[in-house]
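Computed over heavy atoms, backbone and side chain alike; hydrogens, waters and symmetry mates excluded.
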Amino acid sequence: MRAFSAMLLPLLLTASATAQEVEVTDNPIAEIVQPTDDETEIDGGMASYYGNELAGNRTASGERFDPGQLTAAHRTLPFGSMVRVTNTSNGDSVVVRINDRGPFSRGRVIDVSQAAAREIGMHRSGTARVKLALLDND
């Protein structure tokens, strides 16, 4: 019986380790935080956000502004571009869709919606230093 147990124990330990590896690699959250190859860092600087007072106004793309959507204004990126905005002070990031032109304040690189500002922790201060990465539209 001891010989059988001695052979079975390493087998059980190997199976357990394999199962743990599968759990870690199959974790959907682990896939979300992994950096992707389909984005290109494009810019960095100060970001600000649109307040609720602009809700319902037409954006430069023609759609109505909704502060609850993850959208943003950029001076030159094409409408519909998807951009990852990362707050450099806390590392939080959000993906926004460009649907407007701006910002028109000196020294700002992007204006995000209120929902996006909350996602990256800048809704209280109103501004944050950010990095921008353009996502591939494939």
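Taking 4.5 Å as the limit, every side-chain heavy atom of Pro103 sits out of range of all side-chain heavy atoms of Val109. Under the 4.5 Å side-chain criterion, counting only non-hydrogen atoms from C-beta, Arg75 is not in contact with Arg101. Contact check for Ser113 versus Phe65: side-chain heavy atoms found under the 4.5 Å cut-off. Residues Val112 and Leu70 have side chains not in contact (no heavy-atom distance under 4.5 Å, counting atoms from C-beta outward). Put simply, the side chain of Ile110 reaches to within 4.5 Å of the side chain of Ile98, judged on heavy atoms.
Identified under the salt bridge (charged side-chain N to carboxylate O under 4.0 Å, His left out) test for residues 104-122, with sequence neighbours left out: none. The ring pair (Phe, Tyr, Trp, His ring centres under 6.0 Å) analysis of residues 73-101, with sequence neighbours excluded, yields no pairs.
Counting Ile, Leu, Val, Met, Phe, Trp and Tyr side chains that sit under 4.5 Å apart, directly or through other members, Met46 stands alone, with no cluster partners.
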Listing, residues 123-132 side-chain donor-acceptor contacts under 3.5 Å, not counting sequence neighbours, or none:
| from | atom 1 | to | atom 2 | distance (Å) |
| --- | --- | --- | --- | --- |
| Ser125 | OG | Thr127 | O | 2.7 |

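Only one option out of Val96, Asp136, Val95 pairs with Met82 in a side chain to side chain contact (heavy atoms under 4.5 Å, CB included); it is Val95.
Taking Tyr50 as the reference, Asp100 meet the side chain to side chain donor-acceptor pair (under 3.5 Å) condition, with sequence neighbours excluded. Every residue two or more places apart in sequence or in another chain that forms a side chain to side chain donor-acceptor pair (under 3.5 Å) with Asn52 is listed here: Gln114. Here Asn87 pairs with Ser89 under the side chain to side chain donor-acceptor pair (under 3.5 Å) rule; sequence neighbours left out. By the side chain to side chain donor-acceptor pair (under 3.5 Å) test, Thr71 is found to be paired with no residue, residues two or more places apart in sequence or in another chain being considered. Evaluation of the salt bridge (charged side-chain N to carboxylate O under 4.0 Å, His left out) rule for Arg97 yields Glu63 as partners, not counting sequence neighbours.
When every heavy atom of Thr59 is checked against every heavy atom of Asn99, the shortest pair comes out as OG1-O, 3.0 Å. Pairing each heavy atom of Gly68 with each of Ala115, the nearest pair is O-CB, 3.4 Å.
The backbone N or O of Ile120 lies less than 3.5 Å from a partner atom in the side chain of Asn90, making a donor-acceptor pair. With hydrogens and angles ignored, the 3.5 Å screen pairs no side-chain donor or acceptor of Ser93 with any backbone N or O of Arg84.
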